[in-house]
2 protein chains.
Amino acid sequence: MAKISLDAVDRKILGFLIKNARMPFLEIARECGVSGAAIHQRVKKLEDAGVILGSRLQVNPKAMGYDVCAIIGIRISDPTKTVQTVEHLRKIPEITECHFITGKYNILIKLYCTNNEHLMHTIFDHILKLPEVSQTETFISLIESFDRQVEIPDLEE
Amino acid sequence: MAKISLDAVDRKILGFLIKNARMPFLEIARECGVSGAAIHQRVKKLEDAGVILGSRLQVNPKAMGYDVCAIIGIRISDPTKTVQTVEHLRKIPEITECHFITGKYNILIKLYCTNNEHLMHTIFDHILKLPEVSQTETFISLIESFDRQVEIPDLEE
DNA sequence: AGTGAAATTCTGTAGCC
DNA sequence: GGCTACAGAATTTCACT
């Protein structure tokens, strides 16, 4: 992935929108001392360049009844089939994050369940039923202390 | 956390905004067959109820030069000081996610670095320098296969 | 790249059903 | 809870610099 040159205004725009994706461009424009059209053009440029991937509403999993968050390390029997495994995992809606990793597990996932029963059901009836999955280790997340975006670097070339 | 009753329209609204937080309310209104004012009122209600936490721009870490993603399990010497440790970790900007977990680690974090040198520097000079941190285990994330939001449940009471 | 202006579209409130 | 209506604001395009 090519690095993109971001100037002070670009970083300011990203900084504002990371905190609130619905912040009006005109408000950003006022903060940056440029016109609204300039913000519009820069955001479009950042989207085209792949710096901005999109925007998302943040919903509160607890408010929707997801009281249990867990992180699970998965070992698979045949690592050449990792890609297929990921496609299977993608179909399990409880799983929100999935990484290929190095080390004692091949895959690390994060998932949300309504309660421990639901978690057990998801692990035993969905994850462990996948043909390539040989072993799992579950870490219950007692508290998600924070979850944020990477910082906009000070300088790019 | 109290569960909130979400009807079909609420779920549709959340579904659209999860994919694109900047989707105009009037467009959502047209898709749902209600007026824009109704969407506005419902979104406000969902915000007040704590279902909607906010919205965020998604930036591409790779486009900003963060080529390395790692997940690190941290063991701390005195688990009663976990809260302080988290406050220390929060100040390290490379760390984007932090969980208290059960199991062989006390804390699990996700972080982004520009390269392996940067990762090593962050682990040795920042994380391991924290007084409570006794041991870490690093898993390099080769690919982040997906990262998404929890599904809106079909029915709530 | 940025600007200003114009046309279009959206937001957010208020009064009503 | 929903709607229409309205005023003010924001978005988006475009000719020009």
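So you know, we letter chains A, B, ... as the sequences are listed, proteins then strands, and number each from 1. In this text, all values refer to a predicted model and were calculated from it rather than measured experimentally.
Note: B:H40 and B:F25 have tilted aromatic rings, judged against thresholds of 30 and 60 degrees for the angle between ring planes. Between A:Y112 and A:Y66, the ring planes lie perpendicular to each other; the angle is over 60°, past the 30° to 60° tilted range. Between B:F139 and A:Y105, the angle of the ring planes lies from 30° to 60°, which puts this pair in the tilted group.
Atom CZ of A:F16 is separated from atom C1' of D:dA10 by 17 Å (rounded to the nearest Å). Between the P atom of C:dG12 and the NZ atom of B:K44 lies a distance of 10 Å, rounded to the nearest Å. Straight-line distance from the CG atom of A:N20 to the C1' atom of D:dA10: 14 Å, rounded to whole Å. The distance from atom CD1 of A:I28 to atom C1' of D:dT12 is 15 Å, rounded to the nearest whole Å. Rounding to whole angstrom units, CZ of residue A:F25 and P of C:dG2 are separated by 14 Å. When the P atom of C:dT11 is taken as reference, atom CD1 of B:I39 falls 10 Å away, rounded to whole Å. Residue A:I13 contributes atom CD1, which lies 15 Å from atom C1' of D:dT11 at whole-angstrom precision. Distance, B:E31 CD to C:dC10 P: 12 Å, rounded to whole Å.
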Checklist entry - Going through the distances and angles, do B:H118 and B:E94 end up as a side chain to side chain donor-acceptor pair (under 3.5 Å)? => result CA-CA 10 Å; B:H118 182 195; B:E94 286 86 353; 2.7 Å; yes
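Side-chain nitrogen and oxygen atoms of B:R42 include none within less than 4.0 Å of the OP1 or OP2 phosphate oxygen of D:dG1. At the phosphate of D:dT11, OP1 or OP2 sits under 4.0 Å from a side-chain N or O atom of B:R22.
In the set D:dC3, D:dG1, D:dT11, D:dC3 carries the atom at the smallest distance from any side-chain atom of B:V34. Checking D:dA10, D:dG1, D:dG2 against every side-chain atom of A:L26, the shortest atom distance belongs to D:dA10. Distances were taken from every side-chain heavy atom of A:A37 (C-beta onward) to each of D:dC3, D:dC14, D:dT11; the shortest belongs to D:dC14. When each of C:dT13, C:dC10, D:dA10 is scored by its nearest atom to the side-chain atoms of B:H40, the top-ranked nucleotide is C:dT13.
Residue B:Q41 is in base contact, counting any heavy-atom pair closer than 4.0 Å across all strands shown. B:K45 comes within 4.0 angstrom of sugar-phosphate atoms only, judged by non-hydrogen atoms across all strands, and of no base.
The pair B:E97-A:K110 counts as a salt bridge, with a side-chain nitrogen and a carboxylate oxygen less than 4.0 angstrom apart.
Separation of atoms CG (B:L142) and CD1 (A:I101) is listed at 8.5 Å; rounding is to 0.5 Å.
When the C1' atoms of four end pairs are superposed on the next four at each end of the helix from C:dA1-D:dT17 to C:dC17-D:dG1, using five pairs per end, the two resulting axes differ in direction by 30°, to 10°.
When each of A:V9 and B:E27 is assigned the nucleotide of DNA chain C bearing its nearest heavy atom, the one mapping closer to the 5' terminus is A:V9.
Using a 4.5 Å cut-off on side-chain heavy atoms (C-beta onward), B:L6 and A:M64 make contact.
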